[in-house]
Each structure stands twice: as C-alpha cells, then as structure tokens.
Amino acid sequence: MTKAIINRSYPEKKALITDQGDITYTQLLRHVQQYAGLFSGKGYARVALYAENSPAWIYAFYAALQNNCIAIPIDFLASTEDVAYILDDCTPDLLFISRAMQESYAEIAQKINCAPEVLVFEDYPVDETTPESQWIGPDNDDTTAVIIYTSGTTGSPKGVMLSYTNIRCNMEAVIDCKIYEPDRQVMIFLPLHHVFPLVGSMMISFHVGTTVPMAPSM
C-alpha cells in the first residue's frame, strides 16, 4: 500500500465532484498546499474545524495534518454549550469556520476561555497558481492525527484520539478486502465530524485514488 495519505497516481482524475464544480487530484493537492500556507511555521499544535461539509473543509483538514497539527472536527449542529466545552477541552491554536457559522461562533466566543486564531473559509478563495503539496505523511505514524469528539449523550463530549497507525490499519483492512478500488466512486453523505465518513468516505477514498462525490446536503 502506498504511504502517501493522498494518492498521487492519478493527477488529472476527478478527486471531488461537488455542487461548486469538479476538483482533480492535482487541484486537491494545490488547495491543500494553499491552506497549509495560511499557518505554516506558526508552531500550532491543534487545528479545529467548525463548519458544514465543503471542499474548503477538506483542504483545511489535510492542511492541518501537513503542518504536523492534530485535526479536530467539531459538530456544526451541536449546541453552543457543547462546542464551547469542546474548544476549552482541546484548546485549538487555530479554528476554521464557515461564514454560515460566524453568528454561532460569536456566541460561543463569549463562553470560552481559549482564544484560537479564527479563519473563515470564504475569505480564502482557491488560488490555482499555488504549487502542489509535496506532503506524503507523518514521519512517525504513532503520533495523533485526529481527535474525534463523542456526541455527549451520557455526559460531556469525550475526545477520542486517533493515531496515523489507527487510521492506516483501518485503511489496510478495507483495501485488502477490495472494498475500495480506484475505479469506484465513494460518496461523502454524512457530516465529516463523524469518524465513519471522515475515514471511510474521505480519507480512504483519497488514499486509494477513487472519485468522491460530495452530497450538498442530506
């Protein structure tokens, strides 16, 4: 299995099909590089994402990994109290939000003690002149890649730490079973703050080199 987190064998193949247009693997790698440049060299450790599914969400997620940060997806439908709890629990250095979440975050910002830098996706339109990301993966697969928070139905949300080793083992298991192959399409249908769509619909798909249609809504 290739070590690259994002497959580089199909540069002109469609990586994403969205209501905003199609995106090839070359473009995906360019956009990840563009987003990584927004906070490269700042020494950040944790990057949270508080927004609905979108291509920009994907770019920011992989940009976090490229910059050796832990990516922390947050449920954009969660209560402001739960989101405030999560932010104070994980204390991200950077928070990506969408314009649609600005009003909610303004309320959340009054409740939290941490003070992450906040970037709004729509303020950073894609730049097709950006060179492709050359990032392959982490130097050490035992480092934490993602923290997924539980729904908190029986108490406060709990952060579940997933290492690259966890994710790669998941990838290997389903790839060995021929569930994912490059000529297939795998739809992103559920919100990406859930581990199943995050790894099962997005990360494995881009690792194998499938085309991923992104449903605009449920």
Side-chain angles (χ1 to χ4, degrees), residues 5-6 28-127 130-140 143-149 157-164 167 191-195 197-199 202-203 206:
I5 297 294
I6 298 177
L28 173 61
L29 290 166
R30 286 175 179 165
H31 302 162
V32 169
Q33 181 63 35
Q34 178 187 347
Y35 269 72
L38 297 175
F39 56 104
S40 177
K42 291 190 174 183
Y44 291 165
R46 292 172 296 279
V47 174
L49 300 95
Y50 177 52
E52 64 280 10
N53 289 2
S54 70
W57 195 106
I58 294 172
Y59 309 150
F61 175 85
Y62 282 105
L65 302 188
Q66 176 170 321
N67 283 334
N68 297 314
C69 298
I70 299 171
I72 307 165
I74 298 174
D75 182 357
F76 69 97
L77 295 174
S79 68
T80 56
E81 290 77 13
D82 276 351
V83 176
Y85 174 86
I86 290 169
L87 290 174
D88 272 341
D89 186 60
C90 67
T91 60
D93 303 291
L94 174 63
L95 174 65
F96 281 100
I97 66 173
S98 64
R99 192 164 290 159
M101 303 311 296
Q102 282 183 295
E103 185 175 344
S104 294
Y105 182 69
E107 181 179 346
I108 291 163
Q110 302 302 313
K111 303 175 184 288
I112 59 178
N113 296 314
C114 63
E117 180 182 359
V118 179
L119 299 181
V120 180
F121 288 140
E122 288 82 357
D123 291 343
Y124 300 93
V126 294
D127 180 1
T130 305
E132 292 180 35
S133 165
Q134 298 303 308
W135 180 72
I136 299 296
D139 294 331
N140 180 1
T143 57
T144 300
V146 183
I147 297 177
I148 297 286
Y149 274 84
K158 309 295 191 299
V160 179
M161 301 166 67
L162 297 178
S163 69
Y164 286 93
I167 294 169
L192 288 168
H193 62 266
H194 292 298
V195 69
L198 179 73
V199 178
M202 186 184 80
M203 295 191 75
F206 291 146

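The shown structure was predicted, so the numbers you read here are calculated from the model rather than taken from an experiment. Basis for what follows: all heavy atoms, side chains included, without hydrogens, waters or symmetry-related copies.
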Which residues pass the side chain to side chain donor-acceptor pair (under 3.5 Å) test with Arg30, not counting sequence neighbours? none
Which residues pass the side chain to side chain donor-acceptor pair (under 3.5 Å) test with Thr91, not counting sequence neighbours? Arg46
Return each pair, listed once, that meets salt bridge (charged side-chain N to carboxylate O under 4.0 Å, His left out) where at least one residue sits in residues 36-45; pairs must be two or more places apart or across chains. Lys42-Glu117
Those residues that, when tested against Lys111, pass side chain to side chain contact (heavy atoms under 4.5 Å, CB included) (two or more places apart): Thr80, Glu81, Ala84, Glu107
Hits for side chain to side chain contact (heavy atoms under 4.5 Å, CB included) against Asn113, two or more places apart or cross-chain, chain-then-number order -> Asp88
Exactly one candidate in Leu94, Leu119, Leu95 meets side-chain contact (heavy atoms from CB on, under 4.5 Å) with Val47; the answer is Leu94
For the OG1 atom of Thr143 and the CG atom of Asn140, what is their distance to the nearest 0.5 Å? 5.5 Å
Tyr149: side chain to side chain donor-acceptor pair (under 3.5 Å) partners, not counting sequence neighbours: Asp89
Hey, what do you get for CD1 (Ile148) to CE (Met161), rounding to the nearest 0.5 Å? 12.5 Å
Of all heavy-atom pairs between Asp93 and Ala45, which one has the smallest distance, and what is that distance? OD2-N, 2.7 Å
One should read off an interatomic distance between Lys158 NZ and Ile147 CD1, to the nearest 0.5 angstrom, of 14.5 Å
To the nearest 0.5 Å, how far apart are CD in Gln102 and CD1 in Ile97? 5.0 Å
Taken to the nearest 0.5 Å, the spacing of Tyr85 OH from Cys90 SG works out to 10.5 Å
Determine, stepwise, if the pair Phe206 / Leu29 fulfils side chain to side chain contact (heavy atoms under 4.5 Å, CB included). CA-CA 11 Å; Phe206 291 146; Leu29 290 166; over 6 Å; no
For residues 56-65, dump all side-chain donor-acceptor pairs below 3.5 Å to protein atoms at least two apart in sequence or in another chain.
unit_1: Tyr59; atom_1: OH; unit_2: His31; atom_2: ND1; d: 3.0

Residues forming a side chain to side chain contact (heavy atoms under 4.5 Å, CB included) with Asp139, sequence neighbours excluded: none
Tell me, do Leu38 and Phe96 make a side-chain contact under 4.5 Å, heavy atoms counted? yes
Got a list of side-chain donor-acceptor pairs under 3.5 Å for residues 66-76, not counting sequence neighbours?
unit_1: Gln66; atom_1: OE1; unit_2: Ser133; atom_2: OG; d: 2.6
unit_1: Gln66; atom_1: NE2; unit_2: Gln33; atom_2: OE1; d: 2.9
unit_1: Asn67; atom_1: ND2; unit_2: Ala36; atom_2: O; d: 2.9
unit_1: Asp75; atom_1: OD1; unit_2: Leu77; atom_2: N; d: 2.8
unit_1: Asp75; atom_1: OD1; unit_2: His193; atom_2: NE2; d: 3.3

Does some side-chain heavy atom of Tyr50 sit less than 4.5 Å from a side-chain heavy atom of Ile108? yes
Minimum heavy-atom distance between Pro197 and Leu192, given as atom pair plus value: O-CD2, 3.7 Å
By side chain to side chain contact (heavy atoms under 4.5 Å, CB included) - contacts of Ser98 (at least two apart): Ala51, Glu52, Ala100, Met101, Phe121, Glu122
Test of understanding: with salt bridge (Lys or Arg N to Asp or Glu O under 4.0 Å), list the residues that count as partners of Asp123, not counting sequence neighbours. Arg99
Side chain to side chain donor-acceptor pair (under 3.5 Å) against Ser163, all qualifying residues, sequence neighbours excluded: Asn166
